Chemist: 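Structure below; questions to follow.
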Amino acid sequence: MNKEWQKLETWLASNQPASLLDLNPPASDSDIQALEETIGIHLPADFIATLKIHNGQKGQARGIFSGLEFLSTQRIQSEWMVWKNLLESGDFSDAEALPAPGVQKAWWTPAWILFTNNGAGDHLCIDMNPASQGLKGQIIAIWHDDGKRSIKADSFAQWFGTFTQSITKNL
């Protein structure tokens, strides 16, 4: 993960310097533990490795992932709680999910760990409870007002590597 972050930071320095400055310092073990305790799930090692480089963004500049904000452990907890409360209050009971093969047929499940935000309730998530054709830890996209649930990558490391390669190919 370090090599990929170095490439991304180099690109950000030239193309989005305010976003580079918006990155938080590394997450502490206690930050990660608090997140895992809140969500009741152990995070994948590749995602923990990323959090130990940067604990998301402060949220005061453009999101580093093509405009999507990289959420800190605290923001992941907060966003996760919003979705969990909506689920528990029945807000999703009439919503029809249209998942890709390998994704649970759900509007949202607590096993989907939100790690980006576009500011409108749409997220990329780490799927820790995929359907039978899916892979634990796959990256999925969810939309607050659209039932489509698509798979973006088999793992966080794969997704992050593909992302950094796509924006830094000319470095």
Side-chain angles (χ1 to χ4, degrees), residues 1-9 11-13 16-89 103-104 106-130 134-144 149 151-164 167:
M1 300 306 290
N2 285 326
K3 181 180 175 187
E4 295 302 319
W5 268 107
Q6 289 171 352
K7 290 192 314 189
L8 179 55
E9 289 171 7
W11 184 88
L12 288 170
Q16 287 179 226
S19 296
L20 177 61
L21 296 173
D22 196 49
L23 288 168
N24 286 318
S28 67
D29 290 338
S30 62
D31 291 332
I32 294 166
Q33 182 179 3
L35 172 57
E36 289 180 331
E37 287 175 3
T38 297
I39 64 177
I41 294 173
H42 290 290
L43 297 168
D46 55 359
F47 188 63
I48 290 173
T50 279
L51 291 172
K52 288 191 170 216
I53 296 169
H54 289 293
N55 187 7
Q57 291 181 253
K58 296 174 188 82
Q60 300 169 351
R62 185 175 191 268
I64 64 168
F65 298 132
S66 300
L68 299 173
E69 179 187 350
F70 173 35
L71 299 177
S72 67
T73 54
Q74 294 81 10
R75 287 285 314 284
I76 293 169
Q77 288 177 65
S78 175
E79 292 290 330
W80 185 88
M81 288 301 300
V82 166
W83 281 79
K84 184 174 184 276
N85 290 336
L86 290 169
L87 177 69
E88 290 174 350
S89 69
V103 178
Q104 294 287 339
W107 195 261
W108 181 79
T109 169
W112 293 350
I113 313 309
L114 314 113
F115 70 92
T116 68
N117 184 12
N118 71 352
D122 305 326
H123 304 274
L124 292 177
C125 302
I126 302 168
D127 182 357
M128 297 303 289
N129 187 23
L135 297 170
K136 187 174 184 177
Q138 67 191 4
I139 303 304
I140 63 172
I142 66 168
W143 310 101
H144 76 284
R149 304 293 183 253
I151 297 172
K152 299 298 182 184
D154 291 344
S155 68
F156 181 81
Q158 182 188 64
W159 175 83
F160 190 66
T162 300
F163 173 78
T164 57
I167 67 166

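What you are looking at is a predicted structure, and each value in this text was computed from that prediction instead of being measured.
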Chemist: Check A18 against A61 and note the closest heavy-atom contact, atom names and distance.
Modeler: O-CB, 3.6 Å
Chemist: Please test L114 against I142 for side chain to side chain contact (heavy atoms under 4.5 Å, CB included), starting from the C-alpha separation and ending with a verdict.
Modeler: CA-CA 9 Å; L114 314 113; I142 66 168; 4.0 Å; yes
Chemist: With distance as the sole criterion, is a donor-acceptor pair present between the side chains of Q138 and D127 under 3.5 Å?
Modeler: yes
Chemist: Starting at CG of L87, measure out to CH2 of W107 and round the result to the nearest 0.5 Å.
Modeler: 12.5 Å
Chemist: Please report the shortest heavy-atom distance between Q57 and L23, naming the atom on each side.
Modeler: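 That closest heavy-atom pairing would be CG-CD2, 3.9 Å.
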Chemist: With distance as the sole criterion, is a donor-acceptor pair present between the side chains of T109 and Q104 under 3.5 Å?
Modeler: no
Chemist: I'd like to know if the side chain of H54 and the backbone of P25 have a donor-acceptor N/O pair within less than 3.5 Å.
Modeler: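 Such a contact is absent between H54 side chain and P25 backbone.
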Chemist: Would you give the length of the straight line joining atom CE of M1 to atom CZ of F47, rounded to the nearest 0.5 angstrom?
Modeler: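 It comes to 9.0 Å.
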Chemist: For W112 and R149, which heavy atoms make the closest approach, and how far apart are they?
Modeler: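 In this case the closest contact between W112 and R149 is CZ3-NE, 3.8 Å.
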Chemist: Would you say the side-chain atoms of E69 pair up with the backbone N or O of N117, donor to acceptor, closer than 3.5 Å?
Modeler: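 No, because the side chain of E69 does not come within donor-acceptor range (under 3.5 Å) of the backbone of N117.
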Chemist: Partners of K52 by salt bridge (charged side-chain N to carboxylate O under 4.0 Å, His left out), sequence neighbours excluded?
Modeler: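 Per chain and number, K52 pairs via salt bridge (charged side-chain N to carboxylate O under 4.0 Å, His left out) with D29.
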Chemist: Look up atom CD1 in I151 and atom CD1 in I139, then write down how far apart they are to the nearest 0.5 Å.
Modeler: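 If I round to the nearest 0.5 Å, the distance is 10.5 Å.
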Chemist: First locate atom CD1 of I76, then atom CG of D31, and finally report the distance between them rounded to the nearest 0.5 Å.
Modeler: 10.5 Å
Chemist: Determine, stepwise, if the pair F65 / L8 fulfils side chain to side chain contact (heavy atoms under 4.5 Å, CB included).
Modeler: CA-CA 10 Å; F65 298 132; L8 179 55; 4.1 Å; yes
Chemist: Just checking K58: does its NZ atom have more than 12 heavy atoms from other residues, nucleotides or ligands closer to it than 6.0 angstrom?
Modeler: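 Above 12, so yes.
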Chemist: Please give me the minimum heavy-atom distance between F163 and S66, naming the atom from each residue.
Modeler: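 The pair with the smallest heavy-atom distance is CE1-OG, 3.3 Å.
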Chemist: Is the backbone of I113 close enough, under 3.5 Å, to the side chain of W80 for a donor and an acceptor to pair up by distance?
Modeler: no
Chemist: With a 3.5 Å distance limit and no angle check, can you tell me whether E9 reaches the backbone of L20 through a side-chain donor-acceptor pair?
Modeler: no
Chemist: Which heavy-atom pair separates S28 from S30 by the least distance, and what is that distance?
Modeler: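 Between these two residues, the closest heavy atoms are OG-OG, 2.9 Å.
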Chemist: With a 3.5 Å distance limit and no angle check, can you tell me whether D122 reaches the backbone of H144 through a side-chain donor-acceptor pair?
Modeler: yes
Chemist: Measuring only between side-chain heavy atoms, which start at C-beta, is P44 closer than 4.5 Å to M128?
Modeler: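 SC-SC contact between P44 and M128 confirmed.
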Chemist: Closest approach of I41 and A111, non-hydrogen atoms and distance?
Modeler: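 Distance-wise, the nearest heavy atoms are CD1-CA, 3.6 Å.
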Chemist: Between the side chains of S19 and D22, is a donor N or O closer than 3.5 angstrom to an acceptor N or O?
Modeler: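 Result is no, nothing qualifies.
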Chemist: Which donor-acceptor pairs under 3.5 Å do the side chains of residues 153-162 make with protein atoms, sequence neighbours left out?
Modeler:
unit_1 : atom_1 : unit_2 : atom_2 : d
S155   : OG     : Q158   : N      : 3.0
Q158   : OE1    : D154   : N      : 2.5
T162   : OG1    : Q158   : O      : 3.0

Chemist: State yes or no: are the ring centers of W83 and H123 separated by less than 6.0 Å?
Modeler: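 For W83 and H123, the ring centres are under 6.0 Å apart.
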Chemist: Have T73 and N55 got a donor and an acceptor in their side chains that come within less than 3.5 Å?
Modeler: yes
Chemist: What's the separation between atom CG in D46 and atom CG in L51, rounded to the nearest 0.5 Å?
Modeler: 10.0 Å
Chemist: How many angstroms lie between atom CD of E37 and atom CD of Q77, to the nearest 0.5 angstrom?
Modeler: 9.5 Å
